[in-house]
*Asks:* 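Can you read through this structure? Questions will come right after.
Sequence lines set the chain letters: A, B, ... in the order given, protein chains first and strands last, and positions in each chain run from 1.
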Amino acid sequence: MTSSITLTFPDGSERQFDSGITAGEVAASLSISLRRRAISAVFNGTHWDLQWPMEVDGSISINTMDDEGHALELVRHGLAHVMARAVQELWPETKVTIGPVIENGWYYDFDRETSFTPVDLELIQQRMRKIISQREPVRTEIWERSGAIKHYRNLGEPYKVELVEAIPHNQPVRMYWHGDWQDLCRGPHLGNIGQLPADAFALRSIAGAYWRGDSRNRMLQRIYGVAFRRKEDLKSHLKMLEEAQRRDHRRLGSEMDLFHFREEAPGMAFWHPRGWTIYKQLKAYMSRRQAVHGYVEVNTPTIVDRSLWEASGHWDKFQEHMFLVHIDSEQQENGKINALKPMNCPCHVQIFNKGQKSYRNLPLRMAEFGSCARFEPSGALHGLMRVRGFVQDDAHIFCEEAQIEGETASFIKMLTEIYTDLGFPEFKVKFADRPELRAGSDEIWDRAEGALVSATQAAGCEYELNPGEGAFYGPKLEFVLTDAIGRDWQCGTLQVDFVMPERLDASYVGRDGEKHRPVMLHRAILGSFERFIGMLIENHFGNLPFWLAPRQIVVASIVSHANEYTEEAVQRLIQAGIRAEADTRNEKIGYKVRELVTGRVPVIFAIGEREVAENTVSIRTLGKTGMEIVPLQDAIDRFAALAKPPDLVDGDQI
RNA sequence: GCCGCAGUAGCUCAGUGGUAGAGCGCACCCUUGGUAAGGGUGAGGUCGGGAGUUCAAUCCUCCCCUGCGGCACCA
């Protein structure tokens, strides 16, 4: 009296099976070789374990190791369990928690008194290989919730008890056995541990991580691993990581003599002449861009009395991140305290508030390259990407509610232009909607979110939802770039704010002659110059576009009696607006070239007797091996044109 | 902030319970050399800071600072 189900295969054919048949049995019914190669199935869109029964009609396809996505998931997931087993075999007192698959690998969090060491990683790795070589089958069962809880209580696995308790009641509690070792897991898994590639994984690092990601909870020890289907894939991945480390902006920043950090001012960059050159160029570019897009530029105080921060709400919400300044003892006695500004917005509202504004002034786009200081937690600091002192390309658009959508759309357009100019035609967009704790009515939030979403869609931007991550005062768009090591950094942002204008009592006179509250859009494109320059360095591997390159041309003499002509050429290049230097050191040209090439100088002019005699230069361009002899004036004209920032380039330029 | 690891010359790193070494760089000299390293000589270090153990600490112990990898945070 078994009922039957109908399964549809990828080729469209249908077959009847007894209800409860497993995906593995279905594969076997198709062919013995397929059964042997099968690793999992996709049943009705769900990644399905070969051991799981199917009890409803549906579509099915069988996966083999050739199905990369599914194969990698099973491999990484399987290795997570094997690693946990290895750890418990080596150190039985260790408590297990969770071990999810992540990009390129997995991690597993353990609770153990003693810290894992790099030597332990090697031991674990060896034990994992041994476990894999035992080729034990994987078995799964669905358990009663209470039975599972009891089981884990008896085993002394408190984290597993918590996990079982957290499984929603409409979902099965699934247990897996890998040989004798057992773990709670929603699956699916490979049918046999021996299918895991013992030579295509590596344990990478040990790190702390809070249980359930909550800093109030106990700190566990997390071990990260990477895994692939084949040894070659692992090798190329490790090589790629090395490559990425080589383009780390912190490394390039010191190799190229751009900036440095020191103990006296943690999280604040000391910009060297070459780094500051990039900074200045970028700032000038942004300034021109903003002018074109209808922004006015302002400048506001760095040190501001606490009364403003109290009014803006920062004193309550942000104080622990603010650098406080006691100016003198008298002020201190009066309880007067100043703070370095962590943001520009309150100051901008004060400029808006000076004098009477009318709807005719809106939208008012007020920009500032404002120097901000935030006391970031020590563990958050990361080169230029996360600093305590930085300059934002900040602006606030004061507008009417009906203008939000239009302003958003033109902002996204401007941001896309700028990112493209700077070498980031691709970036992620996240839409962060209302958080649980928020100001303003649901109706206002509905309107603000709606305006942001429709403007984003109108701009043709794909975005992902970042639920509940909006600011307390309004929803935001986040524009995210990825660094060399794969870490994401938010650069641009657009935030709708109904709260700050209220708190600081901003108003304008509307068409009706009455006072109205403007809406404020907080927005930035680069985010901070520091972070964005970090991204630029990594993105270009230090080889910045010519207009941004801190050293554009070095004129190197080959013989010392060419030094005078060399200096003259440099002067003429500088007058033509090019960043040029002379290299008249007493060294061979081969030595100079090597040093300049490794120093990422985009263009070298070499000057020997011939060039002096013929009034030419020998040009060598970074990345090319050949050279080219050109009259000096022609070379100056050519590179002066190339040195133009992208927004100033004439149409017919390259 | 939390967990772990690290800090020796300008840089990259070696090293030892008896106050330190290499390569590169730097300075000077020789060399005038045609596109990725010409040769010689020399100067440089409170071994991150403080305390302790010891006859003696750069090395061992503790505290702090900074950095690195994560976690948490990123208004």
*Asks:* Quick one: does NZ or CZ of A:Arg262 land under 6.0 Å from the six-membered ring centre of A:Phe270, within 45 degrees of the ring axis?
*Replies:*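 Yes, cation above the ring, under 6.0 Å and within 45°.
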
*Asks:* Base, sugar-phosphate, or nothing: which does A:Pro266 touch, judged by heavy atoms less than 4.0 Å apart?
*Replies:* sugar-phosphate

*Asks:* Give me the ring orientation class for A:Trp276 and A:Trp271: parallel if the planes are under 30° apart, tilted from 30 to 60°, perpendicular past 60°.
*Replies:*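 Tilted.
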
*Asks:* Of the nucleotides B:G70, B:G69, B:U32, which one has an atom closest to the side chain of A:Tyr224?
*Replies:* B:G70

*Asks:* Say we look at B:A27 and B:U66: how far apart would their P atoms be, to the nearest angstrom?
*Replies:* 34 Å

*Asks:* Would you mind reading off the distance between A:Glu595 atom CD and B:G38 atom P, rounded to a whole angstrom?
*Replies:*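 So the two atoms are 11 Å apart, to the nearest Å.
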
*Asks:* In whole angstrom, give me the gap between the C1' atoms of B:U32 and B:G39.
*Replies:*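 So the two C1' atoms sit 14 Å from each other.
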
*Asks:* So what does A:Thr598 touch, heavy atoms closer than 4.0 Å: a base, only the sugar-phosphate, or nothing?
*Replies:*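 Touches a base.
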
*Asks:* Any ion pair linking A:Glu243 and A:Arg247 (charged N to carboxylate O, less than 4.0 Å)?
*Replies:* no

*Asks:* Would A:Arg76 count as a cation-pi partner of A:Phe228, with NZ or CZ less than 6.0 Å from the six-membered ring centre and within 45° of the ring normal?
*Replies:* yes

*Asks:* Regarding A:Arg610, tell me which of base, sugar-phosphate or nothing describes its non-hydrogen contacts under 4.0 Å with the strands shown.
*Replies:*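 The answer is base, as A:Arg610 lies within the cut-off (heavy atoms under 4.0 Å) of a base atom.
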
*Asks:* Between B:U12 and B:G48, how far apart are the two P atoms, rounded to whole Å?
*Replies:*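 Each nucleotide's P atom is 14 Å from the other's.
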
*Asks:* Tell me what A:Arg222 touches on the nucleic acid: a base, only sugar-phosphate, or nothing, going by heavy atoms under 4.0 Å.
*Replies:* sugar-phosphate

*Asks:* Could I get the full list of side-chain contact (heavy atoms from CB on, under 4.5 Å) partners for A:Phe323, not counting sequence neighbours?
*Replies:*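 Partners of A:Phe323 by the side-chain contact (heavy atoms from CB on, under 4.5 Å) criterion, ordered by chain and then number, come out as A:Met268, A:Leu340, A:Ala373, A:Phe375, A:Arg388.
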
*Asks:* At 4.0 Å (heavy atoms only), tell me whether A:Tyr107 reaches a base, stays on the sugar-phosphate, or touches nothing.
*Replies:* nothing

*Asks:* Extract from the structure each pairing of a protein N or O with an N or O of nucleotides 3-10 of chain B at less than 3.5 Å, listing the distance.
*Replies:*
from : atom 1 : to       : atom 2 : distance (Å)
B:C3 : O2     : A:Gly208 : N      : 3.2

*Asks:* Parallel, tilted or perpendicular: which describes the rings of A:His314 and A:Phe318, with under 30° parallel and over 60° perpendicular?
*Replies:*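 A:His314 and A:Phe318: perpendicular rings.
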
*Asks:* Taking atom P in both B:A22 and B:A9, what distance in whole Å separates the two?
*Replies:*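 Here B:A22 and B:A9 have their P atoms 14 Å from each other.
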
*Asks:* Taking only N and O in the side chain of A:Ser378, is any of them less than 4.0 Å away from OP1 or OP2 of B:G1?
*Replies:* yes

*Asks:* Please list every donor-acceptor pair under 3.5 Å in which a side-chain atom of residues 465-476 of chain A meets a protein atom from a residue at least two apart or in another chain.
*Replies:*
from     : atom 1 : to       : atom 2 : distance (Å)
A:Asn466 : ND2    : A:Glu478 : OE1    : 3.2
A:Tyr473 : OH     : A:Gln495 : OE1    : 2.4

*Asks:* Take A:Arg523 and A:His396 through the test side-chain contact (heavy atoms from CB on, under 4.5 Å) and record every step on the way to the result.
*Replies:* CA-CA 6 Å; A:Arg523 45 108 297 171; A:His396 295 94; over 6 Å; no

*Asks:* How far does the C1' atom of B:C55 sit from the matching atom of B:A43, given to the nearest Å?
*Replies:*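 Those two atoms are separated by 35 Å.
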
*Asks:* Base, sugar-phosphate, or nothing for A:Ala606, non-hydrogen atoms under 4.0 angstrom?
*Replies:*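 Base contact.
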
*Asks:* With heavy atoms under 4.0 Å as the rule, sort A:Arg250 into base, sugar-phosphate or nothing.
*Replies:* sugar-phosphate

*Asks:* Is any side-chain nitrogen or oxygen of A:Arg620 closer than 4.0 Å to OP1 or OP2 of B:A36?
*Replies:* yes

*Asks:* Output the single nucleotide from B:G1, B:G69, B:C74 whose closest atom is nearest the side chain of A:Arg386.
*Replies:* B:C74

*Asks:* Report the distance from atom CZ of A:Arg204 to atom C1' of B:G70, rounded to the nearest whole Å.
*Replies:*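 Going from A:Arg204 (CZ) to B:G70 (C1'), I get 12 Å.
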
*Asks:* Looking at A:His382, does any N or O in its side chain come under 4.0 Å of the phosphate oxygens OP1/OP2 on B:G69?
*Replies:* yes

*Asks:* So which nucleotide from B:G34, B:C73, B:A72 ends up closest to the side chain of A:His321?
*Replies:* B:C73

*Asks:* Could you check how far CG of A:Asp214 sits from C1' of B:G1, rounded to whole Å?
*Replies:* 14 Å

*Asks:* I need the NZ-P distance between A:Lys588 and B:A36, as an integer number of Å.
*Replies:*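 Checked: the NZ to P distance equals 13 Å.
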
*Asks:* In sequence, state the C-alpha distance, the side-chain angles, and the governing distance for A:Tyr463 and A:Thr456, and then conclude on side-chain contact (heavy atoms from CB on, under 4.5 Å).
*Replies:* CA-CA 8 Å; A:Tyr463 66 91; A:Thr456 310; 3.9 Å; yes

*Asks:* Indicate the ring-plane relationship of A:Phe352 and A:Phe398, choosing parallel, tilted or perpendicular according to the 30° and 60° boundaries.
*Replies:* parallel

*Asks:* Select from A:His314 and A:Arg594 the residue whose nearest nucleotide in RNA chain B is closer to the 5' end of that strand.
*Replies:* A:Arg594

*Asks:* Describe the nucleic acid contact of A:Glu609 in one word from base, sugar-phosphate, nothing, applying a heavy-atom distance below 4.0 Å.
*Replies:*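 If one applies the 4.0 Å heavy-atom cut-off, A:Glu609 turns out to touch a base.
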
*Asks:* How would you label the glycosidic angle of B:G17: syn (within 90° of 0) or anti?
*Replies:* anti

*Asks:* Looking at the base of B:G1, is there any donor atom on it, or on the side chain of A:Tyr210, that sits under 3.5 Å from an acceptor on the other one?
*Replies:*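 Pair found.
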
*Asks:* When all nucleic acid strands are considered with a 4.0 Å heavy-atom cut-off, which category describes A:Gly590: base, sugar-phosphate, or nothing?
*Replies:*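 A:Gly590: backbone/sugar contact only, no base atoms under 4.0 Å.
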
*Asks:* Taking CD1 from A:Ile223 and P from B:G69, how many angstroms apart are they, rounded to a whole number?
*Replies:* 19 Å

*Asks:* For A:Lys476, which contact category applies under a 4.0 Å heavy-atom criterion: base, sugar-phosphate, or nothing?
*Replies:* sugar-phosphate

*Asks:* Evaluate side-chain contact (heavy atoms from CB on, under 4.5 Å) for A:Asp111 paired with A:Tyr159, printing each intermediate quantity in order.
*Replies:* CA-CA 9 Å; A:Asp111 187 7; A:Tyr159 300 97; 2.5 Å; yes

*Asks:* Measure CZ/A:Arg585 against C1'/B:C28 and give the value in whole Å, please.
*Replies:* 16 Å

*Asks:* In whole Å, what separates the P atom of B:C59 from that of B:C2?
*Replies:* 25 Å

*Asks:* Once Watson-Crick and G-U wobble pairs under 3.5 Å are found, how is RNA chain B written in dot-bracket notation, 5' to 3', with | for any base paired to another strand?
*Replies:* (((((((..((((....[..)))).(((((.......))))).....(((((..]....))))))))))))....

*Asks:* Across the strands shown, which category fits A:Tyr591 at heavy-atom distances under 4.0 angstrom: base, sugar-phosphate, nothing?
*Replies:*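 If one applies the 4.0 Å heavy-atom cut-off, A:Tyr591 turns out to touch the sugar-phosphate alone, with no base involved.
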
*Asks:* Is it the case that B:G1 (base atoms only) and A:Glu376 (side chain only) share a donor and an acceptor within less than 3.5 Å, ignoring hydrogens and angles?
*Replies:*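 Answer no: no donor N or O sits under 3.5 Å from an acceptor.
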
*Asks:* With sequence neighbours left out, which residue pairs that include part of residues 595-622 of chain A fulfil the salt bridge (Lys or Arg N to Asp or Glu O under 4.0 Å) condition?
*Replies:*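 For residues 595-622 of chain A, and leaving out neighbouring residues, the salt bridge (Lys or Arg N to Asp or Glu O under 4.0 Å) pairs sorted by first residue read A:Arg585-A:Glu595.
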
*Asks:* Which atom pairs, donor and acceptor, lie under 3.5 Å between side-chain atoms of residues 234-242 of chain A and protein residues at least two apart or in another chain?
*Replies:*
from     : atom 1 : to       : atom 2 : distance (Å)
A:Ser236 : OG     : A:Glu232 : O      : 3.4
A:Ser236 : OG     : A:Asp233 : O      : 3.2
A:His237 : NE2    : A:Asn104 : ND2    : 3.4

*Asks:* Can you tell me, in whole Å, how much space there is between the C1' of B:C3 and that of B:C60?
*Replies:* 24 Å

*Asks:* Rounding to a whole Å, what distance do you find between A:Glu611:CD and B:G33:P?
*Replies:*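 Going from CD in A:Glu611 over to P in B:G33 covers 14 Å.
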
*Asks:* Any base atoms under 4.0 Å from A:Arg487, or only sugar-phosphate, or nothing? Heavy atoms, all strands.
*Replies:*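 If one applies the 4.0 Å heavy-atom cut-off, A:Arg487 turns out to touch the sugar-phosphate alone, with no base involved.
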
*Asks:* Given atom CE of A:Met627 and atom C1' of B:A36, what is their separation to the nearest angstrom?
*Replies:* 13 Å

*Asks:* With RNA chain B as reference, determine whether A:Gly626 or A:Leu381 sits nearer its 5' end, using the nearest nucleotide of each.
*Replies:* A:Gly626

*Asks:* What integer number of Å spans the P atoms of B:G38 and B:G34?
*Replies:*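 Looking at atom P only, B:G38 and B:G34 are 12 Å apart.
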
*Asks:* Assign A:Gln319 to base, sugar-phosphate, or nothing according to its heavy-atom contacts below 4.0 angstrom with the strands shown.
*Replies:*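 The residue A:Gln319 makes no contact with any strand.
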
